[in-house]
Colleague: 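Below: one structure in structure tokens.
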Protein chains: 2
Amino acid sequence: MSKESIEQSLKLFIVLSRAHRSINDHVNTFIAANGLNPTEFAVLELLYHKGPQPLQQIGGKILLASGSITYVVDKLEQKEYLVREACKKDRRVTFATITEKGKEFIERIFPKHEEQIDQVMNVLTEEEKATAITLLKKLGLSLN
Amino acid sequence: MSKESIEQSLKLFIVLSRAHRSINDHVNTFIAANGLNPTEFAVLELLYHKGPQPLQQIGGKILLASGSITYVVDKLEQKEYLVREACKKDRRVTFATITEKGKEFIERIFPKHEEQIDQVMNVLTEEEKATAITLLKKLGLSLN
DNA sequence: TAATAATGTCTCGATTTCAAAATTAGTATA
DNA sequence: TATACTAATTTTGAAATCGAGACATTATTA
């Protein structure tokens with residue numbers, strides 16, 4: 001654990017934070033221009049791709065506290081992008097289901113969202129992307 | 001811009017987000033255990049390493065809106081980790097300066113903070129860290 | 001020089017998030 | 001079966017952040 005090693009680690013932390021912030025700002029600006037915040041978008045995307053979900057599962061998947069789920073789901077329900085549906089088997093559970101309007105929204109927005117990300121990531125070659133994925137995966141796993 | 005390329009880009013976005021979140025949660029838990037939030041810590045570290053700063057410069061460096069700077073500097077001033085000082089040359093300007101108590105705090109905490117980060121980053125070899133730094137730098141720059 | 005523009009900080013209201021407590025429903029135990 | 005435990009959701013209050021506007025000061029320019 002030399003001094004240089006620590007400095008490298010710190011530098012890596014900084015460039016990782018900057019890269020993340022930079023990309024996120026870009027992506028979030030696009031999402032905001034379409035009337036949602038990043039969390040709302042994440043929830044809607046989840047429902048679109050994985051089907052109806054119990055509220056609690058949503059919290060688990062996008063890492064949100066239970067109180068926040070209620071809030072975000074309320075917002076999306078007001079916008080008519082999803083509906084709450086009671087679970088018949090277990091009356092404690094509420095499912096969130098994407099509506100037609102929600103589907104249309106995602107289908108309209110998602111391709112551009114992907115393009116935005118691709119546009120940024122394409123400063124790297126395919127090989128560099130593959131390398132970055134491998135390294136970042138290790139970092140993401142290093143704590144669990 | 002093939003289909004595979006976009007998928008790689010999306011995957012990279014996801015692993016980048018996860019890595020960042022994972023590391024950040026780790027680091028923030030440590031900082032919180034010492035009574036600060038990440039932003040307060042960032043401001044204090046900036047003042048420690050770069051000396052007294054006009055409030056506005058702080059906002060520029062850690063990317064915070066002007067209203068938020070006022071708020072964070074208030075918090076740190078209440079904790080007696082910094083003081084506001086009027087600028088004599090330009091009476092619009094206020095400097096934030098770290099106090100002795102603030103210095104002691106950073107000197108006590110910072111080495112452990114570095115260790116925390118190093119501990120996580122050391123799942124990578126030195127060479128891998130260097131590679132990651134190079135790639136992430138490109139991503140961070142790709143938008144400005 | 002006087003008017004106008006720009007700059008730095010603060011205030012205020014709105015948004016988003018969390019954590020803890022409350023509520024309601026289901027499960028297990030004595 | 002009553003009683004306590006667990007689970008899912010909502011409510012509530014606090015914290016953190018932003019953006020727009022207010023205010024004082026400084027800079028520019030006509």
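In the text below, chain A, chain B and the rest are named by the order of the sequence lines, each starting its count at 1. Only this structure's heavy atoms are used, side chains among them; waters, hydrogens and symmetry mates stay out. Just so you know, these numbers come straight off a predicted model, no measurement behind them.
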Colleague: Determine whether a donor-acceptor pair (N or O, by modelled atom type, separation under 3.5 Å) exists between the side chain of A/Gln53 and the backbone of A/Lys50.
Modeller: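 A pair under 3.5 Å: yes.
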
Colleague: B/Glu77 CD to C/dT9 P: how many Å, rounded?
Modeller: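 Answer to the nearest Å: 13 Å.
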
Colleague: Output one letter per nucleotide in nucleotides 8-20 of chain D: B when a protein non-hydrogen atom lies under 4.0 Å from the base, S when only the sugar-phosphate is that close, - when neither is.
Modeller: SBBB---SBBBB-

Colleague: Provide, to the nearest angstrom, the distance between the NZ atom belonging to B/Lys88 and the C1' atom belonging to C/dG8.
Modeller: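 It is 19 Å, rounded to the nearest whole Å.
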
Colleague: Any chance the side chains of A/Thr97 and A/Glu85 put a donor and an acceptor closer than 3.5 Å?
Modeller: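 Side chains of A/Thr97 and A/Glu85: pair found under 3.5 Å.
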
Colleague: Just how far, in rounded Å, is C1' of C/dT15 from CG of A/Leu76?
Modeller: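 Rounded to the whole Å, the gap is 14 Å.
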
Colleague: Would you call the rings of A/His113 and B/Phe13 parallel, tilted or perpendicular, where under 30° means parallel and over 60° means perpendicular?
Modeller: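 Geometry flag for B/Phe13 against A/His113: perpendicular rings.
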
Colleague: Can you list everything that forms a salt bridge (Lys or Arg N to Asp or Glu O under 4.0 Å) with A/Arg18? Sequence neighbours excluded, please.
Modeller: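 For A/Arg18, no residue satisfies salt bridge (Lys or Arg N to Asp or Glu O under 4.0 Å) once neighbours in sequence are set aside.
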
Colleague: Going through the checks in order, is the side-chain hydrogen bond (donor to acceptor under 3.5 Å, both in side chains) test met by A/Glu107 and A/Tyr48?
Modeller: CA-CA 9 Å; A/Glu107 280 160 11; A/Tyr48 182 83; 2.8 Å; yes

